[in-house]
K.L.:
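My questions will all concern the structure given below.
Start at 1 and go down the list; that is how both ligands and their atoms are numbered.
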Amino acid sequence: MNADRKYQQQRSMLVEELYSRGDIRSPEVRSAMLSVPRELFIPNFIRFEAYIDRPLPIGRGQTISAPHMVAIMAEEMNAGPGQKVLEIGTGSGYHAAVVSRLIRPGGHVFTVERIGDLAREARKNLSRAGMENVTVIEGDGSIGLPEQAPFDRIYYTCAAPDIPGSVLEQLADGGSLLGVVGPMSGVQGLVRLKKKDGMISEEQLTRCVFVPLIGEKGY
Ligand code: SAM
């Protein structure tokens, strides 16, 4: 069996497992996860582990998120066609690629990464995987991306001490933000903030463990 076929089979098996565990619930997230080749976002030497459900190293002390966490966040985001999305913490670009499938046609993901080498690698990964509606920006995402605001959806892929008002200002009315809030290491919480008529409501979703957000409004 050739490598592409083998990875495709492993991807289908993993997606079915996430579906049966309830991490994937919707046909949209299921087909997005089936359509993104995670092996293209992982360094060569560990590519064979692409469909094991855990975070993997991508260099510079950072990780590609575990597939179940990407699935859970994709479900909780409830993103749809035409939306403009901000991701804070690009990493390998994998999570942005999955979200980019949920907002087609017409939507766009802007993703900010503070480590230049990772931002460049993510651009290559996304282009190899054929993701045309994702823009990777090198910079400090802890302040958001005011020049592209407002966003229908904002999500963090690294843990922040809190969600600053200056980032919430970049959320469109009717939009929602998924944040990872908690200490630099150890257990953190996934929270969802919704903006309606200028008012913010907050829900605690689940526990999680992410690398810290480093920057002006981070650690
Ligand atoms: N979801 C990503 C993926 O699929 O590969 C993994 C993201 S990784 C867990 C978190 C990323 O956030 C790291 O690449 C880290 O460098 C980045 N990060 C941390 N602080 C940041 C900041 N202030 N601005 C932008 N990126 C930041």
Side-chain angles (χ1 to χ4, degrees), residues 11 14 18 29 32-33 35-43 46-47 49-74 76-77 79 85-102 109-126 128-129 131 134-148 151 153-164 166-167 170 178-188 190 208-219:
R11 185 155 67 243
L14 177 62
L18 297 177
V29 171
M33 301 261 321
S35 70
V36 179
R38 190 172 187 253
E39 69 275 13
L40 298 185
F41 294 81
I42 287 173
I46 44 166
R47 195 155 278 174
E49 296 192 35
Y51 294 101
I52 298 175
D53 186 20
R54 62 166 180 243
L56 293 168
I58 53 170
R60 305 295 303 268
Q62 306 303 321
T63 52
I64 178 174
S65 306
H68 75 271
M69 192 38 79
V70 173
I72 290 169
M73 289 179 71
E76 298 295 357
M77 260 180 93
V85 178
L86 172 64
E87 177 186 71
I88 298 174
T90 313
S92 68
Y94 172 71
H95 196 156
V98 170
V99 171
S100 80
R101 304 299 84 180
L102 297 171
V109 180
F110 292 87
T111 175
V112 188
E113 172 55 55
R114 63 176 274 273
I115 299 175
D117 287 349
L118 294 185
R120 283 185 284 281
E121 199 57 38
R123 279 190 203 106
K124 281 192 221 155
N125 297 341
L126 287 157
R128 247 195 329 242
M131 305 293 150
V134 182
T135 302
V136 179
I137 294 130
E138 182 185 338
D140 179 5
S142 75
I143 57 165
L145 190 63
E147 59 272 32
Q148 290 291 346
F151 298 97
R153 298 286 182 273
I154 298 176
Y155 67 98
Y156 286 64
T157 69
C158 38
D162 56 22
I163 308 296
S166 54
V167 171
Q170 296 170 38
L178 282 183
V180 179
V181 179
M184 279 185 86
S185 61
V187 178
Q188 303 133 358
L190 183 67
C208 52
V209 178
F210 279 87
V211 296
L213 174 82
I214 310 288
E216 188 183 322
K217 303 277 182 186
Y219 285 105

K.L.:
Using distance only, find each side-chain donor-acceptor pair of residues 212-219 under 3.5 Å and give its atom names and separation, not counting sequence neighbours.
P.N.:
unit_1, atom_1, unit_2, atom_2, d
Y219, OH, G182, O, 2.4

K.L.:
Where do R123 and E138 come nearest, in terms of heavy atoms and distance?
P.N.:
NH2-N, 4.0 Å
K.L.:
Got a list of side-chain donor-acceptor pairs under 3.5 Å for residues 50-59, not counting sequence neighbours?
P.N.:
unit_1, atom_1, unit_2, atom_2, d
Y51, OH, R11, NH1, 2.8
Y51, OH, R38, N, 2.9
Y51, OH, E39, OE1, 2.4
D53, OD1, H68, N, 3.0
D53, OD1, H68, ND1, 3.2
D53, OD2, R21, NH2, 2.9
D53, OD2, H68, ND1, 3.1
R54, NH2, E49, OE1, 2.4

K.L.:
List, ordered by chain and residue number, the protein residues whose closest non-hydrogen atom lies under 4.0 Å from any atom of ligand 1.
P.N.:
Q62, T63, I64, S65, G89, T90, G91, S92, G93, Y94, H95, V112, E113, R114, I115, L118, G139, D140, G141, S142, T157, C158, V211, P212, L213, I214
K.L.:
Work out which heavy atom in A96 is nearest to a heavy atom in T111; give both atom names and the distance.
P.N.:
CB-CG2, 4.3 Å
K.L.:
The criterion is side chain to side chain donor-acceptor pair (under 3.5 Å); which residues satisfy it with T157, sequence neighbours excluded?
P.N.:
none
K.L.:
Quick check: closest heavy atoms across A32 and L102, and the distance to 0.1 Å?
P.N.:
CB-CD2, 3.9 Å
